[in-house]
Asker: 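Dropping the structure in here first, questions after.
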Amino acid sequence: MGVRRSGIVLCVALSAAALWVAGPGASLAGAATGGGECQLQGVANLSPPLTNTSASFAYSFTGTLSSCQSNVAGIQLPETVTLTCAGGTTTGTVLYQEPIPQGSGSCGNSTTAGVSLSTWADGKHTVVSYNTTGALAAVQLQGTVVASMTLTLVASSVPAGCTAPATYTISSDEPVFAAGEGALAALTFSPTTQDQNCVTLGVSSANINGAVGIGSAQ
């Protein structure tokens, strides 16, 4: 989940589902007690790649927050659930797909929306529903902590002869960040390789960096 900076503008606004969520106990300028702030570094994968022509796209995101924990959106997560098989029930680990963030735009400007998940050191979670707007390399993200995220079963991950629950719900159970708290981020994006220039080759993978925070406005 490390990330390096490349010199081309991405603009993708791809909201980087980024999660801007800061870890419990961190400080957030402009937020009330209980807020947090830290630095985000991550990588977003876009499909189809962004070009200079406006179009719809989807993306996934994985990243790290300094002094905090991981943030993800649009990926598949392994979860342990009860499986129903020919011989009865058993416990097994299968994959569930997070909601995939969606966007519209080009390498010049774009908007996106999605739901992202932060997992803290104590194993608790924070789910954030967010929207982004972007122009060139700069993206502004605004979001709100919501009660939960519902994931859908990846059927191919279920063992033959067994069935698994069709959905899996992850709740926002980190008490520091209650449902309704706000989330903000000022992010920058750049292609992970210099050949992704929006003209001869679209941007399919982008680095994401910036300051992120979550908490109640003062």
Asker: We want to know whether Asp195 and Thr193 form a side-chain donor-acceptor pair, criterion being a heavy-atom distance below 3.5 angstrom.
Answerer: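 The criterion, which ignores hydrogens and geometry beyond distance, is satisfied for Thr193 and Asp195.
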Asker: Quick check: do Thr93 and Pro78 have side-chain heavy atoms less than 4.5 Å from each other?
Answerer: yes
Asker: Are side-chain heavy atoms of Val81 and Pro165 found at a separation under 4.5 Å?
Answerer: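 SC-SC contact between Val81 and Pro165 confirmed.
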Asker: Do you know the tightest heavy-atom contact between Pro101 and Gly74?
Answerer: CD-CA, 3.6 Å
Asker: Roughly how far, to the nearest 0.5 Å, is the OG atom of Ser116 from the CE atom of Met149?
Answerer: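 One finds 6.0 Å between CE of Met149 and OG of Ser116.
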Asker: Roughly how far apart are Leu117 CG and Leu77 CG, rounded to 0.5 Å?
Answerer: 6.5 Å
Asker: Heavy-atom distance under 4.5 Å between the side chains of Val145 and Ser129, does that happen here?
Answerer: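 Counting from C-beta outward, Val145 and Ser129 never come under 4.5 Å.
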Asker: Report yes if some heavy atom in the side chain of Thr188 is under 4.5 Å from a heavy atom in the side chain of Val139; otherwise report no.
Answerer: no
Asker: Return the minimal non-hydrogen interatomic distance between Gly105 and Phe57, and the atom names on each side.
Answerer: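 Shortest heavy-atom separation between Gly105 and Phe57 comes out as N-CE2, 3.9 Å.
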Asker: Less than 4.5 Å apart, side chain to side chain, heavy atoms only: is that true for Leu153 and Tyr168?
Answerer: no
Asker: Could you give the distance from CD1 (Ile170) to OG1 (Thr150), rounded to the nearest 0.5 Å?
Answerer: 9.5 Å
Asker: Determine yes or no for a side-chain-to-main-chain donor-acceptor pair under 3.5 angstrom, with Ser157 supplying the side chain and Leu95 the backbone.
Answerer: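 Yes.
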Asker: Which heavy-atom pair separates Ala164 from Tyr96 by the least distance, and what is that distance?
Answerer: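 Smallest heavy-atom distance, with atoms named: CB-OH, 4.1 Å.
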Asker: Could you give the distance from OG (Ser190) to CD1 (Ile208), rounded to the nearest 0.5 Å?
Answerer: 9.5 Å
Asker: Please confirm whether the backbone N or O of Thr53 pairs with a side-chain atom of Thr51, one donor and one acceptor, at under 3.5 Å?
Answerer: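 Here the side-chain-to-backbone pair exists.
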Asker: Whether the side chain of Thr80 engages the backbone of Gly92 through a donor-acceptor N/O pair (distance < 3.5 Å, no angle test) should be reported.
Answerer: no
Asker: Can you tell me how far apart CG (Leu83) and OG1 (Thr91) are? Round to the nearest 0.5 Å.
Answerer: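 Output value for this atom pair is 7.5 Å.
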Asker: If Ile, Leu, Val, Met, Phe, Trp and Tyr residues are connected whenever their side-chain heavy atoms lie under 4.5 Å apart, and connections chain through other members, are Val115 and Ile75 in the same group?
Answerer: yes
Asker: So, for Val176 and Glu181, which heavy atoms are closest and what is the spacing to 0.1 Å?
Answerer: O-OE2, 4.3 Å
Asker: Kindly indicate, with the supporting measurements, whether the criterion side chain to side chain contact (heavy atoms under 4.5 Å, CB included) is fulfilled by Val199 and Asn52.
Answerer: CA-CA 6 Å; Val199 179; Asn52 284 335; 3.3 Å; yes
Asker: I want to check something: taking the side chain as every heavy atom from C-beta on, are Ser60 and Ile100 in contact at a cut-off of under 4.5 Å?
Answerer: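 No, side chains not in contact.
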Asker: Without swapping roles, check the side chain of Asp173 against the backbone of His125 for a donor-acceptor pair under 3.5 Å.
Answerer: yes
Asker: Identify the heavy atoms of Ala147 and Ala179 that sit nearest to each other, and give their distance.
Answerer: N-CB, 4.3 Å
Asker: Is it the case that Thr167 and Thr152 place a side-chain donor and acceptor less than 3.5 Å from each other?
Answerer: no
Asker: Would you say Thr112 and Thr132 are linked by a side-chain donor-acceptor pair, where the criterion is simply a distance under 3.5 Å?
Answerer: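 Looking only at side-chain atoms, Thr112 and Thr132 do form a donor-acceptor pair, the distance falling under 3.5 Å.
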Asker: What disulfide (SG to SG under 2.5 Å) pairs are there with at least one residue in residues 113-153, not counting sequence neighbours?
Answerer: none
Asker: Is it true that the side chains of Ser205 and Thr192 contain a donor and an acceptor less than 3.5 Å apart?
Answerer: yes
Asker: Indicate if Leu151 and Val154 have the same hydrophobic cluster label, given that clusters are the connected sets of ILVMFWY residues with side-chain heavy-atom separations under 4.5 angstrom.
Answerer: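 Different hydrophobic clusters.
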Asker: Is Ser148 close to Thr169 at the side-chain level, that is, under 4.5 Å between some pair of heavy atoms?
Answerer: yes
Asker: Could you report the tightest heavy-atom contact between Ser204 and Gln196, atom names first, then the distance?
Answerer: N-OE1, 2.7 Å
Asker: Let me confirm one number: the OH-CD distance from Tyr130 to Gln142, rounded to the nearest 0.5 Å.
Answerer: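 The CD atom of Gln142 is 14.0 Å from OH of Tyr130, to the nearest 0.5 Å.
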